[in-house]
> 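Quick one: the structure is below, and I'll ask about it shortly.
Keep in mind it's a predicted model, so treat the numbers as computed, not measured.
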Amino acid sequence: MPRQVDYEDRRRRIAEAVCTLIARSGMQAVSLRDVAAQADVSMGAVQRCFRTKEDMLLFALEHLSQRVSERADQRIATASTPEAAATLLSHTLAELALLDEGSKTQARVWLAFVTHASANEKLAAVLRDTYAKLHDLIAWLIRYGQNTGEVPQHLDPTREAHTLLAVADGLTVHVLAGHHSPQTALSILQRHVDHLLQ
C-alpha cells in the first residue's frame, strides 16, 4: 500500500527551508535544488507542492506572516493574570518588532520579503493583508486601554495604531542594520506607548 503523504506538512517544511535559505544567504539563494536539499525532499516533491517558484515564495511569506501574528496573539493569550493594557501593548509591539535574539532569523527573512515585494505585487498583497491584521490587533489593544481608563478617550485608535506599527516595523530594520540595539529599540517603543498614556 503506498505511503500517505501529508502535503500540508511537506509544504510547511518547504516554507521553513525557504526561510532558512533566505536568512542564511538572501533571496537569491532560493533555488529549487537548494530548497529541496534544505527540506530533505526531492525536487519532484517540491514541484508537486508548488507549481512555480513564485507560488513557493508566496506560501513561505504567508507561513512567516502567520508565525509573526501568532507571536503577538500568543503573548496576549498566555498572560497568566489580566495585564494592564499598556503592558500588553508594549509586549505585543516588541513581539511584532522581532527584537529579541531568537527572532533575528525571522526579522532577516521578513525584511528580505518586504524588499522583494516592492517589485512583486502578489508578495505585496500578502504583506498588506498581514499589516492590516497587525494594525487591527494594535488598535484593539488601544481601545482596550480606553475601556480600562489607561488610554485617553480622545485618541483615535486607528491613527495611533498606524503610528505604532510603523515604529515597530522600522525598528526591526534599524536593529538589523546595527543602528539601534534591541534594548534601545525597546526603550523607543516604550516611550511611544508611554506617550499614549499622557
Side-chain angles (χ1 to χ4, degrees), residues 8 12 15-16 19 58-115 117-118 121-176 180-198:
E8 279 310 303
R12 285 190 294 270
E16 289 289 344
C19 291
L58 280 169
F59 183 81
L61 176 55
E62 290 166 355
H63 177 71
L64 176 62
S65 296
Q66 182 178 357
R67 288 176 59 194
V68 171
S69 297
E70 285 171 354
R71 284 169 61 95
D73 291 341
Q74 188 174 23
R75 180 64 190 87
I76 296 169
T78 58
S80 55
T81 57
E83 292 191 49
T87 302
L88 282 174
L89 189 56
S90 296
H91 291 171
T92 300
L93 288 168
E95 292 291 345
L96 295 181
L98 303 169
L99 297 177
D100 62 25
E101 190 63 32
S103 303
K104 196 174 284 185
T105 296
Q106 275 188 338
R108 283 197 297 266
V109 177
W110 182 261
L111 183 57
F113 272 115
V114 169
T115 303
S118 65
E121 175 53 33
K122 289 182 180 178
L123 291 177
V126 174
L127 286 174
R128 284 195 300 273
D129 181 63
T130 302
Y131 281 128
K133 289 175 182 173
L134 297 178
H135 169 268
D136 289 348
L137 174 63
I138 295 169
W140 180 87
L141 287 168
I142 293 170
R143 283 192 291 273
Y144 171 63
Q146 289 176 323
N147 291 337
T148 62
E150 296 170 73
V151 177
Q153 292 295 324
H154 72 272
L155 293 178
D156 180 350
T158 297
R159 187 176 64 193
E160 298 299 333
H162 281 307
T163 300
L164 290 173
L165 182 57
V167 169
D169 203 44
L171 286 171
T172 305
V173 179
H174 285 214
V175 170
L176 283 178
H180 287 305
S181 68
Q183 294 73 26
T184 303
L186 284 171
S187 70
I188 293 169
L189 279 176
Q190 189 58 53
R191 283 200 303 273
H192 279 271
V193 173
D194 292 342
H195 177 70
L196 286 180
L197 309 180
Q198 296 175 356

> Applying side-chain contact (heavy atoms from CB on, under 4.5 Å) to Val167 and Leu93, what does each step give before you reach the verdict?
CA-CA 9 Å; Val167 169; Leu93 288 168; over 6 Å; no
> Quick one: CG on Leu127 to CG on Leu134, what's the gap to the nearest 0.5 Å?
10.5 Å
> Identify the two heavy atoms, one from Ala60 and one from Ala15, that lie closest to each other, and give their separation to 0.1 Å.
CA-CB, 3.9 Å
> Going through the checks in order, is the side-chain contact (heavy atoms from CB on, under 4.5 Å) test met by Phe113 and Ser65?
CA-CA 10 Å; Phe113 272 115; Ser65 296; over 6 Å; no
> In Å, rounded to the nearest 0.5 Å, how long is the span from CG of Leu137 to CD of Glu95?
11.5 Å
> What is the distance from atom CG of Leu111 to atom CG of Leu98, rounded to the nearest 0.5 Å?
10.5 Å
> Using every non-hydrogen atom in the two residues, find where Val109 and Cys19 come nearest and quote the distance to one decimal.
CG2-O, 3.2 Å
> If I take atom OG1 from residue Thr158 and atom CD1 from residue Ile138, how far apart are they, to the nearest 0.5 angstrom?
11.5 Å
> Can you check whether Ala85's main-chain N or O pairs, donor with acceptor, with Glu150's side chain at less than 3.5 Å?
yes
> How close do Ala139 and Ala161 get, counting heavy atoms only, and between which atoms?
N-CB, 3.6 Å
> In Å and rounded to the nearest 0.5 Å, what is the CZ to NE2 distance from Arg12 to His63?
8.0 Å
> First locate atom CG of Leu61, then atom CG of Asp129, and finally report the distance between them rounded to the nearest 0.5 Å.
10.0 Å
> Got a donor-acceptor contact below 3.5 angstrom from the Thr130 side chain to the Val126 backbone?
yes
> Leu123 and side-chain contact (heavy atoms from CB on, under 4.5 Å): which partner among Thr115, Val114, Leu58?
Leu58
> What I'd like to find out is whether the side chain of Leu164 reaches to under 4.5 Å of the side chain of Leu89, using heavy atoms alone.
yes
> Does any part of the side chain of Ser90, heavy atoms only, come nearer than 4.5 Å to the side chain of Leu189, both counted from C-beta?
no
> Is there a donor in the side chain of Thr184 and an acceptor in the side chain of Ser181, or the other way round, less than 3.5 Å apart?
yes
> Checking Asp169 against Thr172: is there a side-chain donor and acceptor pair closer than 3.5 Å?
no
> Within the 3.5 Å criterion, strictly below it, is a donor on Glu62 or Gln66 matched to an acceptor on the partner's side chain?
no
> Parallel, tilted or perpendicular: which fits the ring planes of Trp110 and Tyr131, with parallel below 30° and perpendicular above 60°?
perpendicular
> Side chain of Gln146, backbone of Val151: donor and acceptor closer than 3.5 Å?
no
> Give the C-alpha distance, both sets of side-chain angles, the deciding distance and a yes or no for side-chain contact (heavy atoms from CB on, under 4.5 Å) between Arg128 and Glu121.
CA-CA 10 Å; Arg128 284 195 300 273; Glu121 175 53 33; 2.5 Å; yes
> State which residues pass salt bridge (Lys or Arg N to Asp or Glu O under 4.0 Å) with Glu16; sequence neighbours excluded, sorted by chain then number.
Arg67
> Set out, in order, the CA-CA distance, both residues' side-chain angles and the distance that settles side-chain contact (heavy atoms from CB on, under 4.5 Å) for Gln190 and Leu186, then state yes or no.
CA-CA 6 Å; Gln190 189 58 53; Leu186 284 171; over 6 Å; no
